[in-house]
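Report on the structure given below.
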Amino acid sequence: MATLVGSQWIRIRAFPEVSPPYFRHSSLSTLRRSPLRRISSISGSSIPSSGVDTPKRAEGEVRVRFAPSPTGNLHVGGARTALFNYLFTRSKGGKFVLRIEDTDLERSTKESEEAMLQDLSWLGLQWNEGPDIGGEYGPYRQSERNALYKQYAEKLLKSGHVYRCFCSNEELEKMKEIAKLKQLPPVYTGRWAKATDEEVEEELAIGTPYTYRFRVPKEGTLKINDLIRGEVSWGLDTLGDFVIMRSNGQPVYNFCVTVDDATMAISHVIRAEEHLPNTLRQALIYKALGFPMPHFAHVSLILAPDRSKLSKRHGATSVGQFREMGYLPQAMVNYLALLGWGDGTENEFFTLEQLVEKFSISRVNKSGAVFDSAKLRWMNGQHLRSLPSEDLTKLLGERWKSAGILTESEGLFINDAVELLKDGIDLITDSDKALSNLLSYPLHATLASEEGKSVLEDKLSEVAASLLAAYDNGEFLCAIEEGHAGWQKWVKSFGKSLKRKGKFLFMPLRVLLTGKLHGPDIGASVLLLHKAGKCNLISSQAGFLTLDERFKMLKEVDWEKFNKDQCHLSTVLASQ
C-alpha cells in the first residue's frame, strides 16, 4: 500500500509477489501552476488524479516487462534481467512483455532490435506480448507511443504537477556552476516554478523554447521497500524539479518508462540496480498521475573477476558472441540463473522448466555476482554431454560438415567419432579441433619436440621396426578389421613379444600410429582412423593421412637423425 505521511515522509510499501493496490482519488482541489504549497499531512489516496483512464489487469495478475534499448548487442546482464523476469512471471502464471525503448533515435537501429529478439528467442525466453506479436497494451515500441506521452504530460501540466521552464542552456549551466561553488547538489533552482501566468504567456507569445518540469516536494524522504534490497530511501531535497519533456517535444526516459509501465499494467518491475536511482523520479510521477505503483526489485550487477563491472575489456559479454563461440542456450540460461540466485541446495544444473518451478525473487542475492568464464565453459560441456546421443551426434555431425572437415553429416564414422571425442569437447566449436587433431599426423614435429625426447630414448626405433613388420605381414590390419576384440588380442601379443606393457607399450604405439603424445583411448583412435580411411567422408582439406600413408611415412623415418637432433637440443637447453 502507498501512503504519504506528513510533509516529512513519502513511503511506498511493496509486499512480495502480490498485485499492487490502485490509488483512490480524493476531493482535494487540483494543484495550480502557482508554487507548490507545503502540505502538513496527506495520504497517498489524496493525490489528485490526472483524469486519464489507466488500463486494468485482472486481480492478482502478474505482468512483468523486459525493455531493452536497441542500441547494441544483448549483454549478459540484460539477458539475466530478462531471464529473472521470465522465471518470476512464469512461476506465477503471469505474462512476460517485451517492450523496445527506442527513443534514442540516433543510436537505435532495426538491426539491433532484430538481433536482440533473436538472442532472446535462442535462450528460450518467449514473450506473451511484444513488437513482433502485438497485444492489447501496444504499441510496444516507445517511438510509436509519443502521442500517449504528450497526453499525460499535458494532464500533469493542467493539474499543476508540471510547469513550463523557459531557462536557456546557458542559464542552466550557470546554476550548476553556482551549486558546485557552494558545494550543493546540482539541482534546478526553481526559476520558473514560481512564475505567474502573465510571465508564462509572455514567453509563449514570443516563441521561447521550453521544457516541462516536474514539481518535486522540497522536504521529506521517499522510501520504497524493494523486493530484493529491502528499504531504500532518498532525500527529496537532493533532487530538484526535473524535466519530463524536452524543448523539442521528446519525452525523457523516466517519464516514458513510468507511463509505459502503468499503461501496460505492469505489476512488478524487475531490473538492474543501476536503475535504482531512477525509482525516485518514477515514484513521484506514478503518484502525480494516480497510477498504481508496481513492486520494484533491483538485481545486482554482474561483475568481472576483478569485481569491476563486466565490460568488453573482459572478453565476450554479449549473448550473440557466446552463441557464435559454440555455447548451448540451455547452458547459458542455467549459468545466468546462478548469477545471484540459488534454490538453497547444492544442485547447480537446471533446465528452464526446472528453473521456472523453483525460482523465487526472495532468493535473489543483493551482492554482485562474478562472471566466471571457466565455469560457464565447464557447465556448457556438462550440458553438451547430457544431450541425447542422437541429438549430440546430429549437432556435431552438422558442425563438422559446415567446418569443411567432413563431406557428410551422418554415418557410422560420425557416430563413433562423437562417442570417442565428446569427453574432450566443452563447446560445439571445440569439436573442430578435436576431430582435426585425431585426423592429423604430426609425427616429425612430435619426435623433434622436447617432450618427445623420452619416447625416442626408449628405443622407439625398435618398436617402429616391429610395428612395420606386423603391418607388412598383414597381422596388424587383420586384427583391426576385427574391431575392438581384435585390437586387444593383437596389442597384448605385440607387447609380450617386445616385453613391454602399460605406458612403455602404449606411449610408443600412440606416437607411431597417431603422431601425438596425448589423446583419447589409443585402441579406439586407431580403429576410428581405420574407418576414416575407408568411409570416404573426410574432406580433402582436412589434412588426413590414412593408416597406409602413416606406415609409408614410418618407413622413411631417419631414426638416427632424430636421435642426433635430440642430443643437440639437449646440449643447447643445458647451456642456457
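A donor-acceptor contact closer than 3.5 angstrom is absent between the side chains of Gln118 and Ser121. For Asp104 and Thr71, the side-chain atoms include no donor-acceptor pair closer than 3.5 Å. In this model, a donor atom of one side chain and an acceptor atom of the other lie less than 3.5 Å apart for Asp260 and Gln142.
A donor-acceptor contact shorter than 3.5 Å is absent between the side chain of Ser112 and the backbone of Thr109. Judged purely by atom type and a 3.5 angstrom limit, Tyr140 has no side-chain atom pairing as donor or acceptor with the backbone of Val97. Judged purely by atom type and a 3.5 angstrom limit, Glu199 uses its side chain to pair as donor or acceptor with the backbone of Thr196. Asp391 contributes no side-chain N or O that, together with a main-chain N or O of Leu387, makes up a donor-acceptor pair within less than 3.5 Å. Checking side-chain atoms of Arg215 against main-chain N and O of Gly160 turns up a donor-acceptor pair under 3.5 Å. Using modelled atom types, one side-chain atom of Asp102 and one backbone atom of Ser143 make a donor-acceptor pair closer than 3.5 Å.
Evaluated for a ring-ring contact (aromatic ring centres under 6.0 Å, His included) with Trp378, the options Phe349, Tyr327, Tyr335 yield exactly one hit, Phe349. Residue Tyr152 is tested with Phe291, Phe214, Phe255 for a ring-ring contact (aromatic ring centres under 6.0 Å, His included); the sole match is Phe291. Each of Arg99, Arg271, Arg145 was checked for a salt bridge (charged side-chain N to carboxylate O under 4.0 Å, His left out) with Asp261, and the lone residue meeting it is Arg99.
Partners of Arg141 according to the salt bridge (charged side-chain N to carboxylate O under 4.0 Å, His left out) rule, which considers only residues two or more places apart in sequence or in another chain, are Glu113, Glu144.
Here the closest heavy-atom approach between residue Leu125 and residue Trp127 is recorded as O-CE3, 3.2 Å. Closest of all the heavy-atom pairs between Phe350 and Trp341 is CE1-CZ3, 4.2 Å. Taking every heavy atom of both residues into account, Val76 and Met332 meet most closely at CG1-CE, 4.3 Å. Listed here is the closest heavy atom pair of Thr258 and Ile285: CG2-CG2, 3.6 Å. Across Ser367 and Ser300, no two heavy atoms sit closer than the pair O-OG, 2.8 Å. Annotation for Ile266 and Val269: closest pair CG2-CG2, 4.1 Å, computed over non-hydrogen atoms.
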Side chain to side chain donor-acceptor pair (under 3.5 Å) evaluation trace for Ser362 with Ser360: CA-CA 5 Å; Ser362 64; Ser360 170; 2.7 Å; yes

Could you give me the CA-CA distance, side-chain angles and deciding distance for Thr279 and Gln282, then say whether side chain to side chain donor-acceptor pair (under 3.5 Å) is met? CA-CA 5 Å; Thr279 311; Gln282 293 166 18; 5.1 Å; no

Run Phe322 and Phe371 through ring pair (Phe, Tyr, Trp, His ring centres under 6.0 Å) and show every step you take. CA-CA 13 Å; Phe322 285 108; Phe371 192 90; 5.8 Å; yes

Checking side chain to side chain donor-acceptor pair (under 3.5 Å) for the pair Asp306/Ser308: CA distance, chi angles, key distance, verdict? CA-CA 6 Å; Asp306 62 2; Ser308 63; 2.6 Å; yes

Going through the distances and angles, do Leu310 and His75 end up as a side chain to side chain contact (heavy atoms under 4.5 Å, CB included)? CA-CA 10 Å; Leu310 186 68; His75 188 272; 4.1 Å; yes

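The CG atom of Asn254 sits 10.5 Å away from atom CD1 of Ile244, with the distance rounded to the nearest 0.5 Å. Put simply, CG on Leu427 and CG on Leu376 are 8.0 Å apart, with the number rounded to the nearest 0.5 Å. To the nearest 0.5 Å, atoms CD (Glu274) and CG (Leu301) are separated by 5.0 Å. Atoms NZ and CG, from Lys375 and Leu338 in turn, are 6.5 Å apart once rounded to the nearest 0.5 Å. For the atom pair CG of Asn146 and OG1 of Thr103, the computed distance is 8.5 Å after rounding to the nearest 0.5 Å.
Taking 4.5 Å as the limit, some side-chain heavy atom of Val299 sits within range of a side-chain heavy atom of Arg80. Looking at Trp234 and Thr221, their side chains never come closer than 4.5 Å, going by heavy atoms from C-beta outward. Within the 4.5 Å cutoff, the side chain of Asn128 has heavy atoms near those of the Arg90 side chain. Two residues are said to be in side-chain contact when any heavy atoms from C-beta on lie closer than 4.5 Å; Arg385 and Asp426 meet this criterion. The shortest distance between side-chain heavy atoms of Met245 and Leu156 does not fall below 4.5 Å. The closest side-chain heavy-atom distance from Ile428 to Asn380 is not below 4.5 Å. Put simply, the side chain of Asn73 does not reach to within 4.5 Å of the side chain of Met116, judged on heavy atoms. For the pair Glu390/Lys394, no side-chain contact is recorded, criterion being any heavy-atom separation below 4.5 Å from C-beta on.
Ring orientation note: the planes of Tyr86 and Phe96 are nearly perpendicular, at an angle over 60° on the 30°/60° scale.
Checked against the 6.0 Å centroid threshold, Phe84 and Phe359 count as a close aromatic pair. Residues Phe296 and His275 keep their aromatic ring centres 6.0 Å or farther apart.
Taking the charged nitrogens against the carboxylate oxygens, Asp226 and Lys366 have no contact shorter than 4.0 Å, which rules out a salt bridge.
Cation-pi geometry between Arg213 and Trp192 is not met: the NZ or CZ atom fails to fall both under 6.0 Å from the ring centre and inside 45° of the normal.
A side chain to side chain donor-acceptor pair (under 3.5 Å) check over residues 239-252, counting only residues at least two apart or in different chains, returns the pairs Tyr163-Asp241, Lys218-Asp241.
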